[in-house]
Amino acid sequence: MAELCGALIGCGFFAVNQMHGWRDIDGASIVAICDRDPERLRIVGDQFGIERRYSDAAAMFASEALDFVDIATTVGSHRPLVEMAAARRVPVICQKPFAPTLADAKVMVKACTEAGVPLMVHENFRWQSPIQAVRAVLDSGEIGSPFFGHISFRSAYDVFSGQPYLATGKRFIIEDLGIHILDIARFLLGDVSSLAARTKRVNPAIAGEDVATMLMDHEGGATSVVDCSYATKLAVEPFPETLVEIDGSDGTLRLTQGYKLTVTGRNGTTVKDVSPPLLAWASRPWHNIQESVVAIQKHWVECLSKGIEPATSGADNLKTFALVEAAYAGAEGLEPVRIGDLLK
Ligand code: NAD
Ligand code: 89V
């Protein structure tokens with residue numbers, strides 16, 4: 001099979017992980033990069049040996065024959081860039097948060113669908129190996145049918161030094177981090193019918209909320225609590241671990257700090273270390289996220305080569321994005337929000 005030729009737009013903080021990921025993967029390579037900032041273009045171009053460099057995405061699309069484009073810019077530019085890819089009939093990966101609003105996200109999905117262009121949102125947290133290990137336990141039937149879940153991300157890690165824009169937006173933790181944890185809840189327990197939420201801002205130096213608690217009804221009958229905080233100082237900092245508790249009709253599973261998975265089910269109790277591998281280019285504590293970048297990009301190459309819809313397609317991500325909108329609306333109105341109404 002011929003290698004897929006891709007381009008990366010946005011050469012910032014996180015894109016470096018994506019570039020390492022592309023270098024690790026067979027079947028695809030990045031042949032051109034684009035960034036408005038000449039310094040970022042130089043740094044990433046030199047680090048990964050990419051000669052074809054552009055400061056303007058439209059110029060890049062006009063000059064390059066691309067099999068796909070990987071958009072790693074921040075959210076404000078996602079809609080015009082995805083629409084540009086759709087207009088050029090170039091399959092597209094777009095970082096999360098996919099769009100500024102659910103209304104924008106719906107338009108972007110429609111543009112790609114109408115152009116017949118594959119679209120995957122880079123929603124990588126469900127691809128973390130500890131989360132995949134939890135999914136495998138559920139699939140094995142060991143704990144029976146889940147009726148309760150608690151998916152939790154609590155930390156005091158300084159995310160603002162690497163990503164200063166996170167301190168400035170009116171929306172913060174649900175839009176940036178909660179979106180991943182809500183997606184994990186959907187991945188493990190299925191789609192959601194209603195959501196109630198409460199938020200707080202504890203850190204006075206930032207503009208948005210840094211604590212959020214969500215209560216969700218899943219269509220399959222389970223209830224879950226999803227909680228996130230960047231204001232939680234613990235004895236051992238867990239960033240960026242997502243902790244999971246699921247109770248089922250025949251047992252329980254617990255993914256606890258230190259990547260320990262304890263399962264009590266039909267065959268008794270097992271305790272496993274499900275730590276992610278430390279890739280050659282990765283660094284702790286980010287290695288969990290870094291490994292998931294490779295996994296989701298491999299998935300994209302497989303889907304694109306075989307003509308399969310990616311697990312986190314644009315259409316799928318609308319259902320996660322609706323939970324983000326519901327959480328803000330629910331926290332503001334102090335009322336539960338019906339998810340079906342948002343997806344109409
Ligand atoms: P960043 O600000 O460090 O990098 C963004 C880059 O995009 C900048 O270099 C900027 O110059 C460039 N850019 C912006 N608009 C452009 C345009 N129209 N054309 C060309 N270049 C443009 O941001 P970041 O921290 O790398 O975040 C990028 C995205 O990745 C965000 O959406 C963020 O939420 C997401 N992210 C995801 C994860 C994850 O685990 N999935 C982790 C961190 C960040
Ligand atoms: O995944 C993200 O989008 C990151 C982080 C894990 C730091 O919240 O912003």
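Worth knowing before you read on, the calculation uses all heavy atoms, side chains too, and leaves out hydrogens, waters and symmetry mates. Residue numbers count from 1 along this sequence. Ligands are counted one by one from 1 in listed order, and the atoms in each one are counted from 1 as well. Since the model is a prediction, treat every value here as computed from it, not as a measurement.
At the shortest separation from atom 7 (O) of ligand 1 among protein heavy atoms lies Gly10 CA, 3.5 Å. Of the protein's heavy atoms, Gln95 OE1, 3.8 Å lies nearest to atom 36 (N) of ligand 1. Of the protein's non-hydrogen atoms, Tyr165 OH, 3.4 Å is the one closest to atom 24 (P) of ligand 1. The single protein non-hydrogen atom nearest to atom 4 (O) of ligand 1 is Gly12 CA, 3.2 Å, given as residue, atom name and distance. Looking only at heavy atoms of the protein, atom 26 (O) of ligand 1 is closest to Phe14 N, 2.8 Å. Nearest to atom 44 (C) of ligand 1 among the protein's heavy atoms is Gln163 NE2, 3.4 Å.
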- Between Asp104 and Val107, does a side chain to side chain contact (heavy atoms under 4.5 Å, CB included) hold up when you go through it step by step? CA-CA 5 Å; Asp104 288 304; Val107 173; 5.8 Å; no
Side chain to side chain contact (heavy atoms under 4.5 Å, CB included), that's the test. Do Arg135 and Arg126 meet it? Break it down for me. CA-CA 9 Å; Arg135 181 69 254 175; Arg126 65 162 79 175; over 6 Å; no
- List the steps and the verdict of salt bridge (Lys or Arg N to Asp or Glu O under 4.0 Å) for Lys260 and Glu241. CA-CA 11 Å; Lys260 190 170 101 174; Glu241 290 185 49; over 6 Å; no
Using the rule given for salt bridge (Lys or Arg N to Asp or Glu O under 4.0 Å), can you reason through Asp56 versus Arg36, listing the C-alpha separation, both sets of side-chain angles and the distance that settles it, and then say yes or no?
CA-CA 6 Å; Asp56 176 59; Arg36 282 176 177 163; over 6 Å; no
**OP:** Check step by step if side chain to side chain contact (heavy atoms under 4.5 Å, CB included) holds for Asp26 and Lys298.
**Re:** CA-CA 8 Å; Asp26 291 333; Lys298 267 189 189 156; over 6 Å; no
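Taking only nitrogen or oxygen atoms, main chain and side chain alike, Arg40 does not reach within less than 3.5 Å of ligand 1. Considering backbone and side-chain atoms alike, Trp286 places every N or O at 3.5 Å or more from each N or O of ligand 1. Taking distance alone, with nitrogen or oxygen atoms compared against 3.5 Å, Leu81 stays at or beyond that limit from ligand 1. Between Phe13 and ligand 1, at least one N/O pair is under 3.5 Å apart.
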Determine all donor-acceptor pairs shorter than 3.5 Å in which one atom belongs to a side chain in residues 336-344; sequence neighbours excluded.
from	atom 1	to	atom 2	distance (Å)
Arg338	NE	Asp341	OD2	3.4
Asp341	OD1	Lys344	NZ	3.2

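Enclosure of atom CD in Glu39 by more than 12 non-hydrogen atoms of other residues, nucleotides or ligands within 6.0 angstrom is indicated.
Under the ring-ring contact (aromatic ring centres under 6.0 Å, His included) criterion, the residue pairs touching residues 103-131 are Phe125-His180, Trp127-His299, with sequence neighbours excluded.
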List of N/O pairs, ligand 2 versus protein, all under 3.5 Å?
from	atom 1	to	atom 2	distance (Å)
ligand 2	1 (O)	His180	NE2	2.8
ligand 2	3 (O)	Lys96	NZ	2.5
ligand 2	3 (O)	His180	NE2	3.4
ligand 2	8 (O)	Asp176	OD2	2.9
ligand 2	8 (O)	Tyr230	OH	3.1
ligand 2	9 (O)	Gln163	OE1	3.4
ligand 2	9 (O)	Gln163	NE2	2.9
ligand 2	9 (O)	Asp176	OD1	3.2
ligand 2	9 (O)	Asp176	OD2	2.7

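Listed by number with element, the atoms of ligand 1 under 4.0 Å from a non-hydrogen atom of Ile289 are 40 (O). Near Pro97, meaning under 4.0 Å from one of its heavy atoms, ligand 1 places the atoms 32 (O), 34 (O). Atoms of ligand 1 found under 4.0 Å from any heavy atom of Ser77 (numbered from 1 in listed order, with element): 15 (N), 18 (N). Short contacts between ligand 1 and His78, defined as distances under 4.0 Å to a heavy atom of the residue, involve ligand atoms 32 (O).
The heavy-atom pair separating Arg52 from Glu64 by the smallest distance is NH2-OE1, 2.6 Å. Taking every heavy atom of both residues into account, Glu142 and Gly265 meet most closely at OE2-C, 3.3 Å.
Atom CZ in Arg79 sits 10.5 Å away from atom CZ in Phe98 (nearest 0.5 Å).
Aromatic rings of Trp286 and Phe13 (six-membered ring for Trp) have centroids within the 6.0 Å cut-off, being under it.
Using a non-hydrogen distance threshold of 4.0 Å, Glu123 does not register as a contact of ligand 1.
Residue contacts with ligand 1 for Asn124 involve side-chain atoms from C-beta outward but no N, CA, C or O (heavy atoms, distance under 4.0 Å). Counting heavy atoms closer than 4.0 Å to ligand 1, residue Ala72 contributes backbone atoms (N, CA, C, O) but none from C-beta onward. Of the heavy atoms in Asp176, only side-chain atoms (C-beta onward) come closer than 4.0 Å to ligand 1.
For the residues Asp35, Asp37, Leu8, the heavy atom positioned nearest atom 10 (C) of ligand 1 is part of Asp35. For atom 34 (O) of ligand 1, the nearest non-hydrogen atom from the set Arg36, Lys96, Gln290 comes from Lys96. Of the listed options Val121, Leu166, Thr73, Thr73 places a heavy atom closest to atom 31 (C) of ligand 1.
Residues satisfying the side chain to side chain donor-acceptor pair (under 3.5 Å) criterion with His20, sequence neighbours excluded, are absent altogether.
With salt bridges taken as basic N to acidic carboxylate O contacts below 4.0 Å, none links Arg40 and Asp35.
Between Tyr259 and His287, the ring-plane angle classifies as perpendicular under the 30° and 60° cut-offs.
At distances below 3.5 Å, not a single donor-acceptor pair connects side-chain atoms of Gln290 with backbone N or O atoms of Asn17.
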